[in-house]
4 protein chains.
Amino acid sequence: METDVTKVCHEDCATPPAGRRVAGEDPVKREQILDGAKRVFMEQGFDAASMNDITRAAGVSKGTIYVYFENKEDLFAELIQRERYRITESARHALDADVSVREALRSFGILFATHLTSEYTIKAMRMVISVNQRMPNLACTFLSATPMNPVSVLKGYLERQVAKGTLVIDDPELAARQFLELATVGFFKYRLFGTMDAPPPQSEIERVVDGGIRVFLAAYDGHGARA
Amino acid sequence: METDVTKVCHEDCATPPAGRRVAGEDPVKREQILDGAKRVFMEQGFDAASMNDITRAAGVSKGTIYVYFENKEDLFAELIQRERYRITESARHALDADVSVREALRSFGILFATHLTSEYTIKAMRMVISVNQRMPNLACTFLSATPMNPVSVLKGYLERQVAKGTLVIDDPELAARQFLELATVGFFKYRLFGTMDAPPPQSEIERVVDGGIRVFLAAYDGHGARA
Amino acid sequence: METDVTKVCHEDCATPPAGRRVAGEDPVKREQILDGAKRVFMEQGFDAASMNDITRAAGVSKGTIYVYFENKEDLFAELIQRERYRITESARHALDADVSVREALRSFGILFATHLTSEYTIKAMRMVISVNQRMPNLACTFLSATPMNPVSVLKGYLERQVAKGTLVIDDPELAARQFLELATVGFFKYRLFGTMDAPPPQSEIERVVDGGIRVFLAAYDGHGARA
Amino acid sequence: METDVTKVCHEDCATPPAGRRVAGEDPVKREQILDGAKRVFMEQGFDAASMNDITRAAGVSKGTIYVYFENKEDLFAELIQRERYRITESARHALDADVSVREALRSFGILFATHLTSEYTIKAMRMVISVNQRMPNLACTFLSATPMNPVSVLKGYLERQVAKGTLVIDDPELAARQFLELATVGFFKYRLFGTMDAPPPQSEIERVVDGGIRVFLAAYDGHGARA
DNA sequence: AATGAATGAGAGTTCATTCAT
DNA sequence: TATGAATGAACTCTCATTCAT
């Protein structure tokens, strides 16, 4: 019995938080508020950010924010909903190109590792993690279950390769997760905890991704050749 | 040029926070406070936990807490220092046993994955991550640079196996990090974000560790036999 | 080498405290807060007065006070600034009248003594003195360096009398200070310390001022006649 | 009807605060505590001084202080009682010497002015004033009604001079108070408010005292000679 | 619809005082 | 008797939220 982590999500995890307000329909103003909130939240974190700061950054009044969003948590949740796509969609085209498996994995791995260690991603993730106790569904939604979820995308790609006989893989989802981990080998953790205080340099990412591909293909290469 | 993440830690990251006060030396009361604080922090997170909550949970007065700890941050930092050992040292003996490489890696991987996904570890890590901006050294200390750091321990083991010819590894540190990632394949992330709301079942951990060992040995087995 | 105490005031002593906030501009509410604060401060003194007391006395919420004033010290400083004028300007016209020197000094002395021993002035001075360590410029500003400073005003008058030959005075500033002291002969001290728990009666003030004028004119009368 | 300020003191103003503790009889320890308290109070003021500071400065435990003194206010009151003598007694011998009136007044005036403007006196007075609302009797006691009260001492001297015909004075008490004010001309105020942040130099004191004597003798000299 | 002044509960922290040892 | 750890009320100040305009 296996757990498909791309689908595990309890309750209404993936549904947008209910209770859309009646007032506050102007989408431009809405974006304006979210932009200001993003700036402030990213800089200060959820708790340290004050609604006054956001008011100032967004250039709207306090009352207006409360017309468009129920409260601070709601504002944050909607912001994260919006940002989710920006964070997860980036790698989806890397596997489209008509290149060798090795090269495709390389581009994909580098893109993924670069993205996952970026200041922006790390800050957003830290925030989402830090409000986890108060807003459990938010983090849940944030990480998983989008159609462009990297695991799903890579899994699809691996399945196509298996069909073509290029790769030999029993459990494509596990393999996809393995590859993603091999491509980052703890970078994510080190970044999240601040042990690395900046994204790793491009050369380091390439070194790690190449090492990961070597291991990955040693196990899954369909041609019998050691990578 | 590679980055040895087991050593990356700036400033006085690993030094214990100086300035232990002279009063407040009763270790029993100290533990009592830390226990209460742990309960509250684990439940609410750093910001949401109030000193009043902790007062109540610890069964001591507010003043007493401030005799033993300088402030909320100090209390939290000391708590994390205490917990760090419990979190990081568990896996250190798994590799001592006189068994085959495969079996040794299996025990170690299972222990590590079990530990890393436990409710306790996950909550602690969430908290440490969430205070990263205010207490950067804490997270840094927390994750790395103990002698029993899993990466260090495994790296040492791998080097011994390379010396014996059992394994063939260019870069033992990278390999150690690869193995640890393969043994958890994203469990950590899913747990941290709440996508998985409970530790994976033992069977799932074993399945994933076994899959990881298969890939790992495909790349590094010294005997040429596919794992 | 003499010290001109009307000018001794170091640093930015006389400059109004900078940093008036943009919000909190309603002058009515501002006065309302200052009035409440005045009542409480006068009754309790700076330290003993709590912001909660002031909140209650002013009939506004705590938050509102902090919109209009940065903190307790700022509130107090602004209060004293406001009161300063009421305290120091009162005697400025007493010397304008076209009467004999003796009568002019008499009116001025009585006004000054009455004012200096009033409950209001004494309480304000006690407070200013008691915060001297924390807000040195406040006390400094408070006492001196206004154009209507009694010493300056009287000194000017005496100089004009010297020019007219009515009085013969070497050092008009010293003489001014002497007259002011003669007009109060320790009333200020006794009131400040509470040895006198009420302003002296009008008759007592007149007796003392008359006695002071007698001494003063004995020394400085330009006509050689004993007063 | 005149007010004799050397006697005006309501209630039990001059009586030592009742309620002597039964325990805490060791006078050496008592002095030790008072010495520590004096150091701390002088440095920090009444409110800012904490009992812990005093504990440390006195080298005794908290409990011990509360054996010898009822509470912080009582401790302060007793301290001021003890210090009162040191502050007021200094000038008592200045008038004994067998010298001319002018010289006697000069020594006395200089001593008095020097004393009244000293850092020690000013700090003590500021403190006493600042607790006036909470401990009204303390300040009252502090200033007046000791046998060596400068007004009383000087008044006695003046009366003897009047008896001898050296001086001609209607109201010796008023004259005494006048002289004391002439000898300080506001120095006390300027020091109290911090307009002067150090005692005036000796030369300045002499200048002022000499000016005061000139005025005083112009009014009261029994020999008809202008001073 | 939009504003932003006002609210007041609640935060972290201090410290005079007590009392078991 | 002397101690100093423990107490908890009270402090200043913040800020998410409301609502009269």
Side-chain angles (χ1 to χ4, degrees), chain A residues 21-26 29 47-56 59-75, chain B residues 21-26 29-30 33 47-56 58-75, chain C residues 21-26 29-30 33 47-56 59-75, chain D residues 22-26 29 47-56 59-75:
Chain A
R21 279 133 272 72
V22 285
E25 308 267 272
D26 180 352
K29 186 141 281 181
D47 281 289
S50 85
M51 290 302 268
N52 263 333
D53 295 338
I54 294 171
T55 280
R56 223 168 297 125
V60 299
S61 80
K62 209 97 72 86
T64 302
I65 292 183
Y66 279 89
V67 167
Y68 282 81
F69 303 93
E70 293 203 330
N71 52 36
K72 196 184 180 184
E73 289 197 3
D74 181 38
L75 170 58
Chain B
R21 43 205 326 126
V22 288
E25 307 250 277
D26 180 354
K29 186 136 281 179
R30 195 181 163 76
I33 295 171
D47 281 292
S50 87
M51 291 303 268
N52 267 332
D53 295 338
I54 294 172
T55 280
R56 227 168 292 125
V60 300
S61 78
K62 205 110 62 105
T64 302
I65 293 183
Y66 281 90
V67 168
Y68 282 80
F69 303 94
E70 296 209 327
N71 51 39
K72 195 183 179 185
E73 286 199 4
D74 181 39
L75 171 57
Chain C
R21 43 200 330 121
V22 286
E25 308 250 276
D26 179 354
K29 187 136 280 179
R30 195 180 163 77
I33 296 172
D47 281 292
S50 86
M51 291 303 267
N52 268 332
D53 295 339
I54 294 171
T55 279
R56 225 168 295 125
V60 299
S61 78
K62 207 135 20 135
T64 301
I65 293 183
Y66 280 91
V67 167
Y68 283 79
F69 304 94
E70 296 209 327
N71 51 39
K72 195 183 179 184
E73 287 199 4
D74 181 39
L75 171 59
Chain D
V22 285
E25 308 268 271
D26 180 353
K29 185 141 282 181
D47 281 289
S50 86
M51 291 302 268
N52 263 333
D53 294 339
I54 293 171
T55 280
R56 222 169 297 127
V60 300
S61 79
K62 210 96 72 87
T64 303
I65 292 183
Y66 279 90
V67 167
Y68 283 81
F69 303 94
E70 293 202 332
N71 51 38
K72 196 183 179 184
E73 289 197 4
D74 181 38
L75 170 58

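First the proteins, then the strands, lettered A, B, ... as listed; each starts at 1.
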With both distances under 3.5 angstrom, what nucleotide forms a Watson-Crick or G-U wobble pair with dA1(E)? none
Taking OP1 and OP2 of dA6(F), is either one under 4.0 Å from a side-chain nitrogen or oxygen of Tyr68(B)? yes
Using heavy atoms to find the nearest nucleotide of DNA chain E for Gly59(C) and Gly63(B) separately, return the residue whose nucleotide is more 5′. Gly59(C)
Given Arg56(C), which of Asp53(C), Ile54(C), Val60(C) fulfils the side-chain contact (heavy atoms from CB on, under 4.5 Å) condition? Asp53(C)
Comparing Glu73(C) and Ile65(B) on DNA chain F - which has the more 5′ nearest nucleotide: Ile65(B)
Measure distances between side-chain N and O atoms of Lys62(D) and base N and O atoms of dT18(E), and say whether any donor-acceptor pair falls under 3.5 Å. no
So, is Thr64(D) near the phosphate of dT3(F), with a side-chain N or O under 4.0 Å from OP1 or OP2? yes
Want to settle it: does Asn71(B) or Asn52(C) sit nearer the 5' end of DNA chain E, counting the closest nucleotide to each? Asn52(C)
Side-chain N or O of Lys29(C) closer than 4.0 Å to phosphate OP1/OP2 of dA6(E): yes
N/O (side chain, Tyr66(B)) to phosphate O (OP1/OP2, dT14(E)) under 4.0 Å: no
Taking the nucleotide of DNA chain F with the closest heavy atom to each, which residue, Ser50(A) or Val60(D), is nearer the 5' end? Val60(D)
Expressed as a whole number of angstroms, how long is the span from Met51(A):CE to dA5(E):C1'? 16 Å
Does a side-chain N or O from Ser61(D) land closer than 4.0 Å to OP1 or OP2 of dT3(F), or not? yes
Are side-chain heavy atoms of Tyr68(D) and Leu75(D) found at a separation under 4.5 Å? no
